[in-house]
Amino acid sequence: MIKVLFFARLQDEAGTEALEAQKAGQTVQEIKAWLKEEYQLSSLDQAMAAVNEEFANNEDTLSDGDTIAFIPPVSGG
Amino acid sequence: MIKVLFFARLQDEAGTEALEAQKAGQTVQEIKAWLKEEYQLSSLDQAMAAVNEEFANNEDTLSDGDTIAFIPPVSGG
Amino acid sequence: MTDDTLFSISSRPINPADLIKKVEHRNCGAITTFIGTVREMTHGKKTLRLEYQAYEKMAVKKLEEIGSEMEEKWPGTITAITHRTGMLDISDIAVVIAVSSPHRKAAYEANEYAIERIKEIVPIWKKEYWEDGTKWIGDQLENTPYEKGFPEKGEK
Amino acid sequence: MTDDTLFSISSRPINPADLIKKVEHRNCGAITTFIGTVREMTHGKKTLRLEYQAYEKMAVKKLEEIGSEMEEKWPGTITAITHRTGMLDISDIAVVIAVSSPHRKAAYEANEYAIERIKEIVPIWKKEYWEDGTKWIGDQLENTPYEKGFPEKGEK
């Protein structure tokens, strides 16, 4: 089981802040593809992924208990 | 009558903050020469002169009621 | 916001004096602060309010990372940063950065570096509320931080 | 220090919050402050305290002049400066500069400009108190502002 977090516009599009899914063993890339299909997240391609609060690459693989967050371009400050 | 103001090290050397003198009609240069002779102000040459709170040149002439201040290199901030 | 934490996210109003206190010490001669406030007019368009959302756990990590970068680039500086979340009105404070340093040049440079880095790597987003609608900023053309300065994975 | 004066000399402790309040307004998005404090160690030498003396009337005029220069160079910025006089202990605040601006770049640049100009043209002097003596700073080699940047008579 992994945890998925959405923020800002992606959160609005997904209609939720967070969800859990049986995606341990999959790559960031694969999870992205699944989310795009499942949730029609039009702005997912502009988002970075972070695994356990560190920016991640598309090739990184998720383990059981990991949290993947999608980070739209930031606008703090 | 003009007023003369001293600050910082010059004030210590002159032994006073201010004095009055019958020097209306004299130039900044002439007043400096007089003060150096009269008060042995060793650091007067490193000071700028200000007349009525504006930096002045050696050639500027003082009028009755003017205030001339000697401004050692500043060190505020 | 706890008083002993240099880097934090807060849902309550930020008091710049608190951050100044966190960084001051006997051998600093200069403290710079940056206070980011909610501006009413931008390019002729009137903002009614702003909402800030943060991925809080990661945002604190990234602020700490910025602090480490600054310590390395400007040895002797001490930095405190607090970023606000939630709904803000015009003139409310969104972020405060305080940097102390023995000398002033580093205090200015490091402070400006901090706000630039916040805008690049810290997962915080703002939503603008105008008279005619709302929009999350950052996924629009007006803000494309990913083109430069975005950290590689694991980059310090 | 009266509350409605942007440029002042004060013999009483300076509160940065007072200056921040003076410059904040609805269309500023950034406020920078510079706080100059009394540092204990300089090049390995221990300062016990500092004394600041000002030619107050002229100093206020020169601070206002710096404000005018800044308004011209960075339109839209608002500046407040207060410089302390009298005897200061370690960590006491000697000067506070607050600059508000619609955008942050100008707030940083203008603020740094202000402190540099203060050190060039504002008639304020500090006397260092060490364990082995005292000295008025500024007429020594360590500080020779007249070599550059000193204003010609009447220069704005």
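We name chains A, B, ... by the order of the sequence lines, and we start the count at 1 in each one. Heavy atoms only: backbone and side chains are in, while hydrogens, waters and symmetry mates are out. Note that the structure is a prediction, hence the values are computed from the model and not measured.
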Options C:G36, C:P102, C:C28, ranked by heavy-atom pairs under 4.5 Å with chain D, top entry: C:C28

Closest heavy-atom pair and its distance - D:T37, C:A30: OG1-N, 3.9 Å

Other residues, nucleotides, ligands: >12 heavy atoms within 6.0 Å of C:K61 NZ: yes

Approximate separation, where rounding is to 0.5 Å, of D:I115 CD1 and C:Y108 OH: 6.0 Å

Heavy-atom side-chain proximity of D:E116 to C:R104 below 4.5 angstrom: yes

Engaged part of C:S91 at the chain D interface, taking heavy atoms whose separation is under 4.5 Å: side chain

Interface residue of largest heavy-atom contact number with chain C, from D:N111, D:T47, D:V38, D:V99, under 4.5 Å: D:N111

Under 4.5 Å from any heavy atom of chain D - which part of C:I20: side chain

Main-chain N/O of D:R39 paired with C:N27 side-chain donor or acceptor, under 3.5 Å: no

Choice from D:M41, D:H25, D:E40, D:H103 maximising heavy atom contacts with chain C below 4.5 Å: D:E40

Contacting region of D:T32 [heavy-atom separation from chain C under 4.5 Å]: both

Contact winner vs chain D - C:I35, C:I97, C:I90, heavy-atom pairs under 4.5 Å: C:I35

Partner of D:E112 under side chain to side chain contact (heavy atoms under 4.5 Å, CB included), chosen from C:K105, C:E109, C:E112: C:K105

